[in-house]
Amino acid sequence: MQGPGTHRQRSTAQAQGRSAEAQRARVLAHLRQHHRLTTIEARERLNVLHPAGRVFELRARGHRIETLWRTERDAAGNPHHVAEYVLMPGAAEVSQ
């Protein structure tokens, strides 16, 4: 059985961490710091399971993000053809 505040606390944490807005913020912060992000990195390090969708949304907000294609291995060592997103100079400074 859950206590009175348990559901609200979990919902708040989920909204902050799992929402599209929170995921966009993590992707954008990573790109600003490292300039590059692959699909596998986004999933494994940032907990963003659909990075292409988040990048699409960031582009719609004016951020210049290019896509390159490369082969990268996942944590199990299996090769995958994945996107590598690159933040280009002049990206918009708008809210996520």
Side-chain angles (χ1 to χ4, degrees):
M1 183 180 253
Q2 296 179 0
T6 305
H7 178 70
R8 182 180 43 203
Q9 290 169 346
R10 187 175 342 163
S11 296
T12 301
Q14 288 173 350
Q16 291 174 351
R18 294 185 191 174
S19 71
E21 181 178 349
Q23 291 179 39
R24 280 192 303 273
R26 289 195 301 272
V27 168
L28 187 57
H30 182 93
L31 286 171
R32 284 180 171 156
Q33 183 175 2
H34 303 284
H35 306 288
R36 296 176 179 274
L37 176 67
T38 68
T39 301
I40 291 175
E41 289 174 323
R43 290 179 179 163
E44 292 179 355
R45 294 183 184 175
L46 304 180
N47 195 30
V48 175
L49 298 184
H50 185 50
R54 302 301 76 86
V55 168
F56 177 84
E57 294 161 354
L58 288 168
R59 286 177 179 145
R61 288 163 173 73
H63 297 281
R64 292 184 54 220
I65 302 170
E66 297 291 327
T67 302
L68 306 174
W69 293 96
R70 59 184 283 180
T71 300
E72 184 174 299
R73 295 188 180 275
D74 63 17
N78 300 311
H80 297 274
H81 189 65
V82 299
E84 178 180 43
Y85 302 106
V86 180
L87 184 63
M88 305 303 290
E93 291 297 324
V94 295
S95 63
Q96 292 82 29

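Computed from a prediction, not measured in an experiment: that's the story for all the values here. For this chain, numbers begin at 1 and follow the sequence in order.
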**Q** Could I get the full list of side chain to side chain donor-acceptor pair (under 3.5 Å) partners for E44, not counting sequence neighbours?
**A** none
**Q** Using the ring pair (Phe, Tyr, Trp, His ring centres under 6.0 Å) rule, collect all pairs that involve residues 32-60, keeping only residues at least two apart or in two chains.
**A** H30-H34
**Q** Treating R24 as the side-chain partner and L58 as the backbone partner, does any N or O pair qualify as donor plus acceptor under 3.5 Å?
**A** no
**Q** Restricting to non-hydrogen atoms, name the atom on A42 and the atom on P51 that form the minimum distance, rounded to 0.1 Å.
**A** CB-CB, 3.7 Å
**Q** May I have the step-by-step check of side chain to side chain contact (heavy atoms under 4.5 Å, CB included) for E41 and L46, ending in yes or no?
**A** CA-CA 7 Å; E41 289 174 323; L46 304 180; over 6 Å; no
**Q** Going by side chain to side chain donor-acceptor pair (under 3.5 Å), name the residues that satisfy it together with R59, two or more places apart in sequence or in a different chain.
**A** T67
**Q** Would you tabulate the side-chain donor-acceptor contacts of residues 76-86 under 3.5 Å, counting partners in other chains and residues two or more places apart, or write 'none'?
**A**
from: H80; atom 1: NE2; to: D74; atom 2: OD2; distance (Å): 2.8
from: E84; atom 1: OE1; to: R36; atom 2: NH1; distance (Å): 3.4
from: E84; atom 1: OE2; to: R70; atom 2: NH1; distance (Å): 3.1

**Q** Quick one: salt bridge (charged side-chain N to carboxylate O under 4.0 Å, His left out) partners of R73, sequence neighbours excluded?
**A** none
**Q** State the OG1-CH2 distance between T38 and W69, to the nearest 0.5 angstrom.
**A** 11.0 Å
**Q** If we check side-chain contact (heavy atoms from CB on, under 4.5 Å) with R54, which of these qualifies: Q23, E21, R26?
**A** Q23
**Q** Is there a path from I40 to V55 through hydrophobic residues (I, L, V, M, F, W, Y) whose side chains come within less than 4.5 Å of each other?
**A** no
**Q** Counting N and O atoms only, with roles assigned by atom type, does the side chain of R64 sit under 3.5 Å from a partner on the main chain of M88, one being a donor and the other an acceptor?
**A** no
